[in-house]
Number of protein chains: 2
Amino acid sequence: MSVTFRRPTRQRAAVEALLMNIGDFMSAQDLHARLRAQGQGVGLATVYRTLQAMADDGGVDMLRTSDGEAVYRRCSTGHHHHLVCRSCGRTVEVEGPAVESWTDKISSENGFSDVHHTLEIFGLCASCTPTDPAAPAADADPVEAPAKD
Amino acid sequence: MSVTFRRPTRQRAAVEALLMNIGDFMSAQDLHARLRAQGQGVGLATVYRTLQAMADDGGVDMLRTSDGEAVYRRCSTGHHHHLVCRSCGRTVEVEGPAVESWTDKISSENGFSDVHHTLEIFGLCASCTPTDPAAPAADADPVEAPAKD
DNA sequence: ATCATCTTGACAATGATTCTCATTAAGATC
DNA sequence: GATCTTAATGAGAATCATTGTCAAGATGAT
Ligand SMILES: [Zn+2]
Ligand SMILES: [Zn+2]
Ligand SMILES: [Zn+2]
Ligand SMILES: [Zn+2]
């Protein structure tokens, strides 16, 4: 009901291609840097515009990191959410009929209409989870100042 | 388990008080403006620091608007989510054991540990939902330029 | 080839959030 | 109350992601 027509351009193709290859969430700035490093110079403004357009047309997911930066990622299709490793960045797409129906129920119970939601789960993936007491992952600081700071 | 000690100061009290009275989500900038308008001058940096501290210590919820701006709100207690009206800003705190257990399940199924999640529902509250065909809520533009720009 | 438009890109402009660091004020001590 | 230690404050500079500007370039249709 929207998906405005977009002219195929070299820069649009470059962005899509890179996004396809990477597979993980990337910020517009990241994308821009990689493209130029890769010789595929694309204006920063264009990267932003392209990414937003793709997100609008679907085909790309956008979410915000804890510090508010927007990051994009190619996505399969349909509505889903993510499980993101805060250590290595690995991402898993997950679906949950239970959650979807819950949000619908909650919304209508409270008289809200035309709703949409955001849901992301952040944690440590299997590889990044410290299994043995000698492999801390994210932020470790075992042997250090015993006094209170 | 953390809640570092904070010295009670006039500015901290002012921020807390205003936050208590308002009840809805407000950005640090907002808070700062209101405080100064209210005569209660408080440095912008201090507003930011105070808000973040309060969010860390719990007692204040922080979430990001669709454009990435951080907004804060006094919160009752415990873990919960929000139903936010995108038109008038009204907010409803909601809890959902179903969702909580779902995220736990999904997390463990995928080997993720030490997780936390964000979940917000945006929509139009009852008052802002256009019931009759003459009361558009959010963005209305019925009688206007018929040409495409 | 030609025209009307959509895109692009270099760079300025915004705007939120963070940093710096000298000054102020709690809290504890004497 | 005077004094000392140190967290808290604030004015303004510094960051930095994102958006705006607008002339120049590319695309699809004629
Ligand atoms: Zn990981
Ligand atoms: Zn969902
Ligand atoms: Zn409303
Ligand atoms: Zn929850």
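A, B, ... follow the sequence lines: proteins, then strands. Residue 1 opens every chain.
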Consider side chain to side chain donor-acceptor pair (under 3.5 Å). Of A/Glu120, A/Glu100, A/Glu95, which one does A/His81 pass it with?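 One option only clears the test, and that one is A/Glu100.
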Could you walk me through whether B/Trp102 and A/Ile121 pass side chain to side chain contact (heavy atoms under 4.5 Å, CB included), step by step? CA-CA 11 Å; B/Trp102 177 75; A/Ile121 307 177; 4.3 Å; yes
Pair A/His79 and A/His116, ring centroids less than 6.0 Å apart: no
Take the protein atom [atom1] of [X] and the nucleotide atom [atom2] of [N], then report the distance between them rounded to whole Å.
X       : N      : atom1 : atom2 : result
A/Gln40 : C/dT8  : CD    : C1'   : 15 Å
A/Arg64 : D/dC16 : CZ    : C1'   : 14 Å
A/Asp67 : C/dT17 : CG    : P     : 11 Å
A/Tyr48 : D/dG20 : OH    : P     : 13 Å
A/Leu51 : D/dT18 : CG    : P     : 10 Å
A/Leu44 : C/dC11 : CG    : P     : 12 Å
B/Phe25 : C/dA16 : CZ    : P     : 18 Å
B/Met62 : C/dT17 : CE    : C1'   : 11 Å

Report yes or no: is there a donor-acceptor pair, N or O only, under 3.5 Å between the side chain of A/Arg49 and the base of D/dG20?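 No.
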Phosphate-side-chain proximity, A/Gln52 and D/dT18, N/O vs OP1/OP2 below 4.0 Å: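 No, outside the criterion.
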Can a side chain N or O of B/Thr46 be found less than 4.0 Å away from OP1 or OP2 on D/dG10? yes
Are A/Thr118 and A/Leu63 close enough, and set up right, to give a side chain to side chain contact (heavy atoms under 4.5 Å, CB included), and what steps lead you there? CA-CA 8 Å; A/Thr118 63; A/Leu63 64 82; over 6 Å; no
If I compare all heavy atoms of B/Asp61 with all of B/His80, which pair ends up nearest, and what's the gap?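 Looking at all heavy atoms of both residues, the shortest contact is OD2-NE2, 2.7 Å.
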Do you know the tightest heavy-atom contact between B/Gly68 and A/Arg64?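 So the two residues come closest at N-NE, 3.3 Å.
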Could you pick out which residue, B/Arg6 or B/Gly68, lies toward the 5' side of DNA chain C when each is mapped onto its nearest nucleotide? B/Gly68
Modelled atom types, side-chain donor and acceptor of A/Arg90 and A/Ser127, under 3.5 Å: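 Short answer, yes.
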May I have the step-by-step check of side chain to side chain contact (heavy atoms under 4.5 Å, CB included) for B/Met62 and B/Met54, ending in yes or no? CA-CA 10 Å; B/Met62 183 272 253; B/Met54 291 175 77; over 6 Å; no
Go through residues 26-37 of chain B and report each residue with a non-hydrogen atom lying under 4.0 Å from DNA chain C, sorted by number. B/Gln29
Nucleic acid contacts - residues 7-21 of chain B versus DNA chain C, non-hydrogen atoms under 4.0 Å: B/Arg7, B/Pro8
Are any of the side-chain heavy atoms of B/Val42 and B/Arg12 separated by less than 4.5 Å? no
